[in-house]
Amino acid sequence: MSRLESYVPIVGSSVIDDLKILATRLSGKVIQNINSTSLGGGVAEILNRMIPLLKELGVDARWDVIKGGEEFFDVTKKFHNALHGRQEEIGDGDFDVFMKASEENIRDINTYGDIVFVHDPQPIALVKKKKDNKWIWRCHIDVSKPDQKVWNFLRNFIASYEAAVFSSPTFSQQLDIRQFLISPSIDPLSDKNKELPPETIEEVLNKYEIPKDKPIITQISRFDYLKDPVGVIEVYKQVKRYIDCRLILAGGTASDDPESIKVLNEVQERAAKDPDIHILLLPHNDIIINALQRASDIILQKSIREGFGLTVAEALWKEKPVVASNVGGIRLQIKHKYSGLLCHSIEGASFAVKQLLNSPAYARRLAQNGRENVRNNYLLTRHLREYMLLFLSLYHQDQDVVYL
Ligand code: UDP
């Protein structure tokens with residue numbers, strides 16, 4: 001069975017048939033994706049799954065990664081935080097660093113695509129190379145309340161794109177170009193999300209010396225302030241006063257994220273050698289993440305800001321009860337008390353975790369609803385369809401109806 005056909009039992013054959021029709025309309029077009037890391041974080045996660053599937057559909061999709069030194073990624077991380085609304089000191093020097101690295105990438109990167117699909121702010125200035133091809137800027141960040149200085153700087157580049165894509169309606173901005181709302185997705189057949197035999201889950205728990213003797217609460221995330229790992233430890237401590245449990249805080253780093261070691265050190269300090277807190281700095285290994293998610297009783301995502309939160313979709317797809325912050329793209333995935341529990345504080349999160357641990361039937365119902373929501377809205381097949389429609393729409397700008 002081809003990779004494409006393997007999705008039929010999950011989403012039905014008509015969804016796959018639609019994808020094939022749309023793909024034929026894109027034949028001859030090169031879709032060039034550009035981002036800032038090939039590994040780590042949600043964008044790389046999605047592209048790694050999407051590009052091969054587009055190729056199998058016959059679409060000539062490619063992927064290039066910009067280069068940047070430590071200084072550049074320090075600045076882009078500050079931009080990232082500031083766009084999410086976090087207070088950051090950003091001066092003229094930072095914009096100079098950004099432009100210097102951008103100029104080097106403008107010189108070195110060949111923007112050969114018929115459609116150049118640029119992800120997030122790091123490569124945004126490449127649009128200065130635009131000729132008669134079409135450019136899309138894909139924003140994965142919650143820019144509902146962005147730092148105005150950074151946003152205005154980016155706007156100058158965004159204006160040269162044909163279209164901008166945001167993950168949630170609340171992120172859209174006043175822009176002179178067309179805007180599209182397309183939420184991210186997970187791949188149900190990837191190593192990260194496929195079913196696993198119980199032995200694999202057990203092996204992973206053994207490898208990290210995590211006994212399955214009490215309920216396990218887990219947050220999987222890069223060690224990043226905006227993921228609030230220290231808040232997660234506080235939640236665990238509050239729950240632990242009433243219900244004996246373990247906490248797994250697992251994450252790796254991304255090559256475009258310079259802050260993680262600092263955050264990890266803080267987390268380790270706060271955990272203070274509690275033997276029931278398992279802080280894992282993971283290698284890039286999707287089976288390990290999958291197994292940890294499946295071994296958990298509750299998945300937490302206590303983000304302070306979140307563009308979408310693939311980890312939430314991953315947990316819901318595995319039919320896990322999720323407690324997550326009521327922020328950004330998480331709100332798309334969790335309807336409070338229907339497909340998970342949303343929280344606004346450490347106290348709220350610990351209350352929700354206790355409630356779910358004390359009411360397994362309720363937890364199960366939320367988890368089942370969560371999985372169906374992901375099946376209907378957040379799988380790769382829906383995402384591919386919307387991206388292909390977006391690509392096609394660029395060639396039919398003035399038409400109300402396009403016959404496929
Ligand atoms: N992830 C991973 N290893 C880690 C931490 C995270 O593979 O150590 C994955 C996680 O499973 C998810 C993605 O990276 O697929 C993170 O995407 P998300 O949207 O949750 O957050 P981002 O990192 O993009 O802010």
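Nothing here was measured: the structure is a model prediction, and the numbers come from that model. In each ligand, atom 1 is the first atom listed, and ligand 1 is the first ligand listed.
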Asker: State whether the side chain of Asn48 and the backbone N or O of Ala44 hold a donor-acceptor pair below 3.5 Å, judged by distance alone.
Answerer: yes
Asker: Is His336 reaching over with its side chain to a backbone N or O of Leu342, donor-acceptor style, under 3.5 angstrom?
Answerer: yes
Asker: What is the ring orientation for Phe117 with His119, classed by angle as parallel under 30°, tilted 30 to 60°, or perpendicular over 60°?
Answerer: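 Taking His119 first and then Phe117, their aromatic rings sit tilted (interplane angle of 30° to 60°).
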Asker: Should the pair Lys214-Asp276 be classified as a salt bridge under the 4.0 Å nitrogen-to-oxygen rule?
Answerer: yes
Asker: Would you say Asn193's side chain and Asp187's backbone share a donor-acceptor pair under 3.5 angstrom?
Answerer: yes
Asker: Whether Asp297 and Arg246 form a salt bridge (side-chain N of Lys/Arg under 4.0 Å from carboxylate O of Asp/Glu) is what I want to check.
Answerer: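 So Arg246 does not pair with Asp297 through a salt bridge.
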Asker: Run through all N or O atoms in ligand 1 and write down each protein N or O closer than 3.5 Å, as a pair with its distance.
Answerer:
residue, atom, partner, partner atom, Å
ligand 1, 7 (O), Lys192, NZ, 3.0
ligand 1, 8 (O), Gly252, N, 2.4
ligand 1, 11 (O), Lys192, NZ, 3.0
ligand 1, 11 (O), Glu314, OE1, 2.8
ligand 1, 11 (O), Glu314, OE2, 3.3
ligand 1, 15 (O), Lys192, NZ, 3.4
ligand 1, 15 (O), Glu314, OE2, 2.4
ligand 1, 17 (O), Gly42, N, 3.4
ligand 1, 19 (O), Leu310, N, 2.9
ligand 1, 20 (O), Leu310, N, 3.1
ligand 1, 20 (O), Thr311, N, 3.3
ligand 1, 20 (O), Thr311, OG1, 3.4
ligand 1, 21 (O), Lys227, NZ, 3.0
ligand 1, 23 (O), Arg222, NE, 2.7
ligand 1, 23 (O), Arg222, NH2, 3.4
ligand 1, 24 (O), Gly42, N, 2.7
ligand 1, 25 (O), Arg222, NH2, 2.9
ligand 1, 25 (O), Lys227, NZ, 2.7

